[in-house]
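Attaching a single structure in structure tokens format; questions to follow.
Only heavy atoms go into these numbers, but all of them, side chains included; no hydrogens, no water, no symmetry mates.
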Amino acid sequence: MYKILDLSALLLYCALIFWLSDQTKLPDHALVENQDKLDHFLAYFAMAVFAWRYFAHFSVPRHWHFVIGTIFCSLYGLSDEWHQSFVVGRESSALDWLADSLGGLCGSLSCYWYVQRHTRRRSPG
């Protein structure tokens with residue numbers, strides 16, 4: 001049951017990013033310089049958390065959840081940039097993809113560290 005919920009959450013989040021990427025223009029909310037890179041980083045950080053939750057249902061070593069989640073986010077970011085190259089008013093950017101990939105990497109790493117720490121606390125010893 002939880003596996004289906006986690007997959008649904010990941011797919012809905014991916015659909016949200018796809019929909020946002022399909023918009024001709026997004027609202028300008030710049031608080032800092034290069035706000036769009038921060039937005040990309042945070043969006044893909046969150047995607048990595050959703051990916052981790054889903055991939056954790058499979059019986060593979062924990063470090064593979066980290067690797068698979070990071071690769072998933074990076075490839076989705078690459079496909080998102082390719083998609084944006086076809087949207088009027090939007091442009092594709094290698095720096096946006098780098099921000100996506102770094103967000104996915106940091107999100108996956110955070111999940112890995114959290115689970116490692118949480119598992120150590122619960123183990124007898």
Subject >> Heavy-atom pair of closest approach, residues C14 and Y76 >> reply: O-OH, 2.6 Å
Original post:
Is there a path from W97 to V87 through hydrophobic residues (I, L, V, M, F, W, Y) whose side chains come within less than 4.5 Å of each other?
Top reply: no
**OP:** Scan Y44, F45, F50 and name whichever one has a side chain to side chain contact (heavy atoms under 4.5 Å, CB included) with C73.
**Re:** Y44
**OP:** Would you list the pairs meeting side-chain hydrogen bond (donor to acceptor under 3.5 Å, both in side chains) in which at least one residue belongs to residues 2-11, sequence neighbours left out?
**Re:** D6-R53, D6-H57
Subject >> Non-hydrogen atoms of D100 and G77 that approach each other most closely >> reply: OD2-CA, 3.5 Å
Original post:
Roughly how far apart are L98 CG and L105 CG, rounded to 0.5 Å?
Top reply: 10.5 Å
Original post:
For the hydrophobic clusters of this structure (ILVMFWY residues joined by side-chain heavy atoms under 4.5 Å, transitively), does one cluster hold both W64 and L7?
Top reply: yes
**OP:** Report yes or no: do S85 and S92 form a side-chain donor-acceptor pair below 3.5 Å?
**Re:** no
**OP:** Might you point out which heavy atoms bring E91 and E81 nearest each other, and give the distance in Å?
**Re:** O-OE1, 4.1 Å
Subject >> Flag side-chain contact, heavy atom, 4.5 Å: F58 against I68 >> reply: no
Subject >> Main-chain N/O of R90 paired to Q84 side chain as donor or acceptor, under 3.5 Å >> reply: no
**OP:** Would you kindly confirm whether L11 and L5 end up in one hydrophobic cluster when ILVMFWY residues are joined by side chain heavy atoms under 4.5 Å apart?
**Re:** no
Original post:
Out of curiosity, S108 OG to H65 NE2, how far, rounded to the nearest 0.5 Å?
Top reply: 11.0 Å
Original post:
Going from CG on L42 to CD on Q35, what distance comes out if it is rounded to the nearest 0.5 angstrom?
Top reply: 8.5 Å
**OP:** Report the distance from atom CG of L10 to atom CH2 of W52, rounding to the nearest 0.5 Å.
**Re:** 14.0 Å
Original post:
Is it true that L78 and W82 fall in one hydrophobic cluster, defined by side-chain heavy atoms closer than 4.5 Å?
Top reply: no
Original post:
For the residue pair G104 and T70, what are the closest heavy atoms and their distance?
Top reply: O-OG1, 4.0 Å
**OP:** Nearest 0.5 Å please: distance from the CD1 atom of I17 over to the CG atom of L12.
**Re:** 12.0 Å
Original post:
Between F66 and Y112, what is the ring plane arrangement, given parallel below 30°, perpendicular above 60°, and tilted in between?
Top reply: tilted
Subject >> F18-H83 aromatic ring centre distance below 6.0 Å >> reply: yes
**OP:** Assess whether side chain to side chain contact (heavy atoms under 4.5 Å, CB included) is satisfied between M47 and F72, documenting all intermediate values.
**Re:** CA-CA 9 Å; M47 180 185 282; F72 176 84; 3.9 Å; yes
Original post:
Taking atom CG of D22 and atom CG of D80, what is their separation to the nearest 0.5 Å?
Top reply: 10.0 Å
